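Remember, it's 1-based here, ligands and their atoms both numbered in the order they're listed. Because the structure is a prediction, the values reported are computed rather than measured. FYI, the numbering just counts along the sequence from 1.
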Amino acid sequence: MELVFATNNAHKLEEVQQMVGDKFVLKSLADIGCDDDIPETGVTFQENAKQKTDYLFQKYSIDCFGDDSGLEIDALNGEPGVYSARYSGSRDMEKNIDLVLEKLQGQEDRKARFKTVISLFLQGEQYFFEGTVEGRIIAGRTGTAGFGYDPIFIPDGYDQTFAEMSLEEKNKISHRSKAVSKLVEFLNSQQ
Ligand code: ITT
């Protein structure tokens, strides 16, 4: 089955293609010739995920899914949340991580979670799937794998950051993999 994944993030595409396996061929926005700046103006992950697929469905009438994800930090009242990609005002992850670490300096409560909400359009019907991984933010960067805030996030029950894990390890427990597993289970039940 071919599905368009509404993302411009090559890391996310790779992660999700690995999770869904060969049965589903994922096409990126570039693959369908879409280089539009799809609006992401919601204040929740669900609103943003919905906006991405509403846009694609209205424009191309195709089966598609999109996710919105990010990091919620308790001591920062849930920030960076939906602003995770541009928390410092730019997409520069060095700056975004610096800002998080600076705001958490001296803070004992380091609790955080990654969240993903996926919106799916399948034959004109819309569905949502969610995934969360709880963890904590450490004082400095550790590890070089992954992307985004991976170098400063240690999931509960582990002593390594996401950036110290292989993609396989991260995919066993990540927010995105939990949401994608629900998506895949649903797609399989529809065939
Ligand atoms: P698209 O909207 O094009 O899919 P994006 O990079 O903006 O790509 P999201 O909105 O889903 O992706 O995620 C927002 C940011 O949250 C992302 O840029 C990362 O900084 C962070 N993030 C999301 N998932 C993450 C993960 O698995 N590991 C580390 N950081 C993550």
Side-chain angles (χ1 to χ4, degrees), residues 3-19 26-32 34-56 64-73 76 78-101 112-120 128-138 141-155 158 160-180 183:
L3 274 173
V4 175
F5 182 13
T7 184
N8 289 310
N9 182 326
H11 288 280
K12 278 169 52 173
L13 187 71
E14 188 193 354
E15 278 191 10
V16 175
Q17 182 67 70
Q18 194 182 87
M19 287 182 248
L26 300 189
K27 289 183 153 190
S28 67
L29 292 175
D31 291 335
I32 60 163
C34 176
D35 62 0
D36 302 355
D37 198 7
I38 301 177
E40 259 184 76
T41 55
V43 295
T44 63
F45 296 123
Q46 175 155 348
E47 280 170 14
N48 282 339
K50 182 174 182 317
Q51 273 185 339
K52 291 180 189 180
T53 51
D54 283 358
Y55 184 92
L56 284 188
C64 59
F65 69 95
D67 79 328
D68 193 37
S69 30
L71 179 66
E72 288 180 350
I73 300 172
L76 304 181
E79 287 185 5
V82 289
Y83 308 108
S84 293
R86 296 172 181 273
Y87 193 42
S88 64
S90 82
R91 277 197 163 264
D92 183 336
M93 277 318 296
E94 290 301 305
K95 289 189 182 150
N96 292 336
I97 289 181
D98 283 344
L99 184 58
V100 164
L101 294 179
R113 70 204 53 77
F114 277 117
K115 259 191 199 168
T116 294
V117 178
I118 293 176
S119 163
L120 167 73
F128 294 100
F129 308 92
E130 290 185 24
T132 299
V133 58
E134 298 285 337
R136 66 192 158 90
I137 303 298
I138 54 170
R141 295 166 176 80
T142 310
T144 53
F147 70 101
Y149 298 93
D150 283 345
I152 56 167
F153 181 84
I154 296 188
Y158 292 78
Q160 286 184 317
T161 65
F162 267 167
E164 292 178 284
M165 296 181 181
S166 66
L167 193 52
E168 286 79 15
E169 280 176 294
K170 180 182 171 188
N171 279 350
K172 276 186 207 151
I173 55 171
S174 80
H175 49 311
R176 193 166 301 102
S177 73
K178 287 176 185 165
V180 170
L183 168 74

For Y83, enumerate each residue passing the side-chain contact (heavy atoms from CB on, under 4.5 Å) test, keeping only those at least two apart in sequence or located in another chain. V43
Using the side-chain contact (heavy atoms from CB on, under 4.5 Å) criterion, which residues pair with K172? Sequence neighbours excluded. none
Step-by-step side-chain hydrogen bond (donor to acceptor under 3.5 Å, both in side chains) determination, N171 to S177: CA-CA 5 Å; N171 279 350; S177 73; 5.6 Å; no
Using side-chain contact (heavy atoms from CB on, under 4.5 Å) as the criterion, point out the one residue from L76, I154, I152 that pairs with I137. I152
Could you list the residues that satisfy ring-ring contact (aromatic ring centres under 6.0 Å, His included) with Y87, not counting sequence neighbours? none
Given a heavy-atom cut-off of 4.0 Å, could you list the residues near ligand 1 in chain and number order? T7, N8, N9, K12, E40, K52, D68, S69, G70, S84, A85, R91, M93, F114, F147, G148, Y149, D150, K170, H175, R176
Flag if over 12 foreign heavy atoms under 6.0 Å of CZ, R141: yes
